[in-house]
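All values reported here derive from a predicted model rather than from experimental measurement. Every number for a ligand or one of its atoms is a count from 1 in the order of the listing. Worth knowing before you read on, the calculation uses all heavy atoms, side chains too, and leaves out hydrogens, waters and symmetry mates.
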Amino acid sequence: NILVTGALGQIGSELVAKLRHIYGADRVVATDIRMSGHEVTRSGPFETLDVTDGKAMLEIAKRHQVDTIIHLAALLSATAEEKPLLAWNLNMGGLVNALEVARELGCQFFTPSSIGAFGPSTPKSHTPQDTIQRPTTMYGVNKVSGELLCDYYFHKYGLDTRGLRFPGLISYVTPPGGGTTDYAVEIYYDAVSKGRYTSFIGQGTYMDMMYMPDALDAIVQLMEADGSKLKHRNAFNVTAMSVDPEAIAASIRKVLPSFVLEYDVDPKRQAIAESWPDGIDATAAAEEWGFRAKYGLDAMTADMLSQLGAKERMARNA
Ligand code: VAH
């Protein structure tokens, strides 16, 4: 069975639904520190779990005969920068607990890394799979440490650990919490509800982005790939596009011509964004397990706006 931590988060809430569809609802145990009434808590096994409690995690994993762990529970970059010690304890404490449970039960293991694992001295464009990683944020320190720790568990214990360096993820189901790339999600919500958006990230600030369906497919594809063919494990660069706020606004205007984009740059999140690459290279993922993003910017925009429009109409008629 599959254990997912952070199941009520931006990735978790959609990944649990996808995994339950593929493998069967009863095979996917969703856990989160929150108990909110999300559909995930009703469509299959759900347990309340604080990932800093390793004993509780081991007990749940044993009771549900878990053989795969997808560890998503973490604080994102902006929140981590506001509360660095909480971020260290939760992001690293939770990860080492999950790795120890996986080691004890012999589970396959996935946890995401991020473009945040790169820093100002990393090549900014076509960022290679193997390159310098000196991030200047606590989140980035957590992500690089996490990559090294997962590789350590692979080399030392033979644990089948795998990871993806995610770009900003865009989705319409569950908003992200406390990320630097959140502007790229908020812009779509506001385009539908207000016809305008004020961006906290400045014009010309390029970052990698990906539509959530491509991110979910990448996790399943990587986890089902033949491990003997993987030259890398923690963690693969993956991306679908490199955009700045202007590019997203231009794409939105193809559907909503009157959309207005304004700026009120947040220095803290702008500084985080500027420490990250403009565009990373995903060749290794394509070569080693066939990664290929399906959604480009305009296809993502069309789907986001139609899905959010439908949500808005349902909410209005509710
Ligand atoms: C964040 N959405 O902004 C996350 C992600 C690449 C960005 O790590 O912190």
Side-chain angles (χ1 to χ4, degrees), residues 6 8-15 71-84 86-88 90-92 94-95 110-120 122 124-125 127 133 135-147 150 163-189 199-202 205-212 214-216 218-219 234-245 248 265-282 285 293 300 304:
L8 295 179
Q10 184 196 14
I11 301 173
S13 56
E14 294 198 59
L15 182 62
H71 179 61
L72 304 176
L75 294 182
L76 295 183
S77 57
T79 307
E81 210 50 32
E82 292 301 306
K83 303 172 183 168
L86 173 63
W88 177 266
L90 169 51
N91 290 351
M92 303 320 295
L95 177 58
F110 175 88
T111 199
S113 180
S114 161
I115 58 172
F118 297 119
T122 303
K124 277 239 177 275
S125 54
T127 305
Q133 295 178 255
T136 50
T137 63
M138 172 53 83
Y139 179 74
V141 168
N142 298 157
K143 288 303 173 186
V144 174
S145 308
E147 291 185 9
C150 290
L164 296 170
R165 288 178 189 141
F166 276 136
L169 298 182
I170 314 296
S171 62
Y172 57 85
V173 175
T174 306
T180 299
T181 59
D182 295 3
Y183 90 87
V185 178
E186 294 171 359
I187 192 168
Y188 288 104
Y189 278 78
S199 175
F200 58 77
I201 293 293
T205 309
Y206 283 83
M207 287 187 272
D208 289 282
M209 300 285 173
M210 184 187 289
Y211 199 27
M212 185 61 79
D214 280 333
L216 303 179
I219 293 172
N234 304 286
F236 285 93
N237 287 1
V238 286
T239 184
M241 63 193 86
S242 166
V243 292
D244 80 320
I248 300 177
V265 174
D266 167 16
K268 291 181 181 174
R269 285 179 287 184
Q270 181 65 23
I272 294 173
E274 288 176 1
S275 75
W276 292 351
D278 295 340
I280 65 175
D281 176 89
M300 174 173 77
M304 276 293 282

Suppose we measure from [atom] to each protein heavy atom; which comes out shortest, and what is that distance?
atom	answer
atom 2 (N) of ligand 1	T181 OG1, 3.0 Å
atom 9 (O) of ligand 1	S77 OG, 2.6 Å
atom 3 (O) of ligand 1	T180 N, 2.7 Å

[Y] versus [X], side-chain donor and acceptor atoms under 3.5 Å:
X	Y	value
T122	T127	no
T205	E274	no
T174	Q10	no

Plane angle bin for W276 and Y139 - parallel if under 30°, tilted between 30 and 60°, otherwise perpendicular: tilted

For the student: nearest non-hydrogen atoms of A285 and V238, plus distance: CB-CG1, 4.0 Å

Considering all heavy atoms, the nearest T136-S275 contact: OG1-CB, 3.7 Å

Polar atom proximity, Y139 to ligand 1 (N or O, under 3.5 Å):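 Yes.
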
Heteroatom proximity flag, W276 to ligand 1, N/O under 3.5 Å: no

Full working for side chain to side chain donor-acceptor pair (under 3.5 Å) between S113 and E147: CA-CA 7 Å; S113 180; E147 291 185 9; 2.6 Å; yes

Of L164, L169, L72, the residue whose pairing with P112 passes side chain to side chain contact (heavy atoms under 4.5 Å, CB included):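 Output: one option passes, namely L72.
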
Within the 4.0 Å heavy-atom shell around [X], which atoms of ligand 1 are there?
X	value
G179	1 (C), 3 (O), 9 (O)
P167	6 (C)
G168	6 (C)
L76	9 (O)
F166	6 (C)
I115	6 (C)

